[in-house]
Structure formats: structure tokens, C-alpha cells
Amino acid sequence: MSSEEKTLTARNLRVEFGLPGGRVARAVDGVDLDVAPGEIVALAGESGCGKTTLARTLLGLERATGGTVAFDGVPLRYSTRALKAYRRQVQLVLQDPTGALNPRHTVYDAVAEGLRIHKIHDDEPGRVAEALSRAGLRPPEQFFLAYPHELSGGQRQRVVIAGALVLQPSLLVADEPVASLDASVRGEILSLLLRLKEEQGLGSLIITHDLGLAWSIADRIAIMYLGRIVEQGPVEQVLTAPRHPYTRALVSVLPVSPAVKTSEPIVLAGELPDASRIPGGCRFRPRCQEVASGNADAVLHQCSGEDLHILGPEAKPHLVACHLDRALHGDARIAV
Ligand SMILES: Nc1ncnc2c1ncn2[C@@H]1O[C@H](COP(=O)(O)OP(=O)(O)OP(=O)(O)O)[C@@H](O)[C@H]1O
């Protein structure tokens, strides 16, 4: 299989929103990302950093202002027909299963909806049963006539996942897939996503602000800050030896940190700036603990004057967009 086959790719992706008064919010501001079949990539970062806008753009729900989204090597086209065909391959799983399910539709109808939209009429009951079964609702026929309110939160999320699986997609894009669930069922849904990957080669992009979740499920992680990915690589590498000051701060406040604790929790100064007021130079500089402590003095002129470079999409290396890190390590890439 070539590296492009069934891979979702973003290259120099940009999404801007016009705001009143002529200002422009640069919600996604130069992102390269790949999600290949059979891998789980976590996209993490604090609220407002652009995760949802990036995911919506990857699904064709939002139009890119610049750059490209491609699947299987083919750039995304936005005609209704092209998008419909694309969404058979790349399916969205939303955060809140209660909102995603129509309370008046049975489980059978909820799962069959995708088949009907795509005019797949052969063996509808068999396909619905198989999707429910793959999503862990067994025996599937027992769930056919149930309504969402008769199910637990975890079962409802499984119905939503079955609704995605029924079209036999290559990839799922899941926006905070367990955020609305009780802690007790989160693990079950994450295990389901892992099983779908391991047994059926289904890839996923999982959007989360929860690094613990990323740790337990993802192969790779991309850390996003103010519209751009600032660090990415194998999840174990990034979370046990974070190199970008922003990632180090996020990891330092995890209740159970995968990293060897070498410092006190790092509290970042200030709030995430508005996407319409992205600071010049390194966009993280105003909050950077290395700048504040004077550790970055030798590269401060770069931090103040040079934008972060866009990290490449390579799957293997651990990549970091930080002038100080580059000065210390010589390159953004560390082979792993
Ligand atoms: N339709 C829009 N119009 C104007 N600005 C927008 C729009 N959508 C998003 N933004 C801005 O783009 C930035 C990124 O928003 P986005 O929702 O993608 O972040 P997020 O990381 O997904 O946050 P959350 O985790 O809270 O959903 C924010 O500054 C937001 O205000």
C-alpha cells in the first residue's frame, strides 16, 4: 500500500473567519497532518486552539482559506456529490450521543440512516446488525427497536459509532468522543476504538483536551496551540519527554503524569490569545515559561521576530516548533 492510500492529509491548511470590524480570526493557521489507516492520532490542545475547526475542515464541513485537504491522494472537492462520496470513507463521531440521536428514531433507524442517504438498499437489516455488533451491542437484534432514552450513555455512544461503521469507512474523526460520558464507561468506548483499529484497521483522528485519554489510546499525538501544531510525534515520546514548553506545561499539570516529574506544575501566564490577535514571532512567546525565566535569552530575537515553522506531517519523527529547542537540538526532527 502506498503511503497516500486511504490516508487523510492536510497540507499548510488555513481557515480564517471574518469578524465584525474587519478583523480576521485565523482559527487554523498552517497545519500539516496525516492520519493513515490503522492508526489513531490524537489532536490535543486547550479550548479555542482550533481543534474543532481543523476537524470540520478535514471533513469538508468548513472550506479551507488556504492549503489542501486530500484523501487517498485526491484533493477534497466540495460539490454535494463529491462530499457525499467522501463522507462514506471518513465519518464523523460527535461528542454528545444524546444530541446526535433523534429521540423519536429507534436504534435501527438511527443506524440505517446512513445507508438510506447513500441509497444502499441491499440487506439493510444485515448491515445494521453487523454495525451494531461491531460497535459492541450484542445481540444486535435486541437493540433494533429500542429508543435512545432506553439506553445508557455508553450504549448511546455505541449506537452513534455503529451509525458511522455501517458505511464501512476507512477513518473516523471523533470530536471529544467520551467527554460527555461517565468515567466508568469512557474506558469501554476507548477500548472499542482500539479494537476497531487493531482488528479492522480503522484509523481515527481523536480530538481531545485530555492528554490522559491520548496516552491510553493514540499512536501519535499532535499538540495544537493557537491554530498551529507545535509538537507532534509518537504519543509515548511526546508525553514522556515533551520538548515544546507548551507541551511541558500541559503534561506538568496532569494528575497522573506519564512523564518523570522533574518540576513543579508549570502554570502558564495569561489566557490563550484571541485567534484574531495572534502575536508576531513565536505565537507562544507571551506565555512561554522559558522566555519568562530568561532561559531563552540567547534566542529571544528569534522568538520575538520569527514565526514558528510549520511542522511536516511525517509519521515517524518527533517534531517540535520552538526556537529554543532548535538551538539546543539543531533541528526540529528527532528520529525515533
Ligand atoms: N464561525 C466562526 N466565526 C468566527 N470565529 C470562529 C468561528 N469558529 C471558530 N472561531 C474562532 O476560531 C478559534 C478556534 O476555535 P475552535 O472552536 O476551532 O477551537 P477548539 O480548540 O475546538 O475549542 P473547543 O475545544 O472549545 O471546541 C477560536 O478563537 C474561535 O473563537
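Source: prediction; values computed, not measured. Numbering of ligands and ligand atoms starts at 1, following listing order.
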Participant: Any carboxylate oxygen within less than 4.0 angstrom of a Lys/Arg side-chain nitrogen, looking at Glu290 and Arg248?
Facilitator: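 Salt bridge: yes.
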Participant: So, for atom 9 (C) of ligand 1, does the protein have a heavy atom nearer than 4.0 Å?
Facilitator: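 It does; a protein heavy atom is within 4.0 Å.
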Participant: Atom 22 (O) of ligand 1: which of Thr52, Ile278, Val24 has the nearest heavy atom?
Facilitator: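 Shortest heavy-atom distance from atom 22 (O) of ligand 1: Thr52.
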Participant: Is it true that a side-chain atom of Glu199 and a backbone atom of Leu196 form a donor plus acceptor pair closer than 3.5 Å?
Facilitator: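 No, Glu199 side chain to Leu196 backbone: no donor-acceptor pair under 3.5 Å.
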Participant: Say whether Ala25, considering both its backbone and side-chain N or O atoms, lies within less than 3.5 Å of an N or O atom on ligand 1.
Facilitator: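 Not met; the criterion fails.
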Participant: Out of Ala27, Pro273, Ala55, whose heavy atom is nearest to atom 11 (C) of ligand 1?
Facilitator: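 It is Ala27 that holds the nearest heavy atom.
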Participant: Closest non-hydrogen protein atom to atom 4 (C) of ligand 1, residue and atom name please, with distance?
Facilitator: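 The closest one turns out to be Phe17 CB, 3.4 Å.
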Participant: Is Leu19 close to ligand 1, meaning an N/O of one under 3.5 Å from an N/O of the other?
Facilitator: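 No: no nitrogen or oxygen of Leu19 is under 3.5 Å from one in ligand 1.
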Participant: Any atom of ligand 1 sitting under 4.0 Å from a heavy atom of Gly50?
Facilitator: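 It does, in that a heavy atom of Gly50 comes within the 4.0 Å cut-off of ligand 1.
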Participant: With respect to atom 24 (P) of ligand 1, which of Ala275, Ala179, Ser276, Ser47 exhibits the smallest heavy-atom separation?
Facilitator: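 Ranked by closest heavy atom to atom 24 (P) of ligand 1, first place is Ser47.
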Participant: Can you find an N or O of Cys49 that's nearer than 3.5 Å to an N or O of ligand 1?
Facilitator: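 Looking only at distances, the answer is yes, because the N/O contact criterion of under 3.5 Å is met.
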Participant: Which ligand 1 atoms, with their elements, are less than 4.0 angstrom from a heavy-atom of Glu46?
Facilitator: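 It comes down to these atoms of ligand 1: 21 (O).
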Participant: Can you name the atoms of ligand 1, numbered from 1 with element, that are less than 4.0 Å from a heavy atom of Thr53?
Facilitator: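 In order of number, 9 (C), 15 (O), 16 (P), 18 (O).
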Participant: Between the side chains of His209 and Glu46, is a donor N or O closer than 3.5 angstrom to an acceptor N or O?
Facilitator: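 Result is no, nothing qualifies.
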Participant: Give the residue, atom name and distance (to 0.1 Å) of the protein heavy atom nearest atom 25 (O) of ligand 1.
Facilitator: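 Checked against all protein heavy atoms, atom 25 (O) of ligand 1 sits closest to Lys51 NZ, 3.2 Å.
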Participant: Are side-chain N/O atoms of Arg138 and Ser133 paired as donor and acceptor at under 3.5 Å?
Facilitator: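 Per modelled atom types, Arg138 and Ser133 side chains form a pair under 3.5 Å.
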Participant: Which of parallel (below 30°), tilted (30 to 60°) and perpendicular (above 60°) describes Tyr246 and His244?
Facilitator: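 Tyr246 and His244: perpendicular rings.
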Participant: State whether Glu176 and Lys51 are salt-bridged, where the test is any N-O pair (Lys NZ or Arg NE/NH1/NH2 against Asp/Glu carboxylate O) under 4.0 Å.
Facilitator: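 Answer for the salt bridge query: no.
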Participant: Among all protein heavy atoms in this structure, tell me which lies nearest to atom 28 (C) of ligand 1, with the distance rounded to 0.1 Å.
Facilitator: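 Result for atom 28 (C) of ligand 1: Gly48 O, 3.7 Å.
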Participant: Do Asp182 and Ser184 have side-chain atoms, one donor and one acceptor, less than 3.5 Å apart?
Facilitator: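 On atom types as modelled, these side chains do not qualify, holding no pair under 3.5 Å.
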Participant: Can a salt bridge be assigned to the pair Arg116 and Glu124 using a cut-off of 4.0 Å between side-chain N and carboxylate O?
Facilitator: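 Yes, this pair counts.
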Participant: Polar contacts were defined as any N/O atom of the residue lying under 3.5 Å from an N/O atom of the ligand; does this apply to Glu176 and ligand 1?
Facilitator: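 No - when backbone and side-chain N and O of Glu176 are compared with those of ligand 1, no distance drops under 3.5 Å.
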Participant: Look at the side-chain heavy atoms of Ile, Leu, Val, Met, Phe, Trp and Tyr, link any pair under 4.5 Å apart, and say whether Ile207 and Ile40 land in one connected group.
Facilitator: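 No, separate clusters.
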Participant: Evaluate the 4.0 Å heavy atom contact test for atom 31 (O) of ligand 1: does a protein atom fall under the cut-off?
Facilitator: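 There is no protein heavy atom less than 4.0 Å from atom 31 (O) of ligand 1.
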Participant: Within a strict 4.5 Å, meaning less than it, do heavy atoms of the Ile221 and Gln232 side chains meet?
Facilitator: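 No, every pair of side-chain atoms sits at 4.5 Å or beyond.
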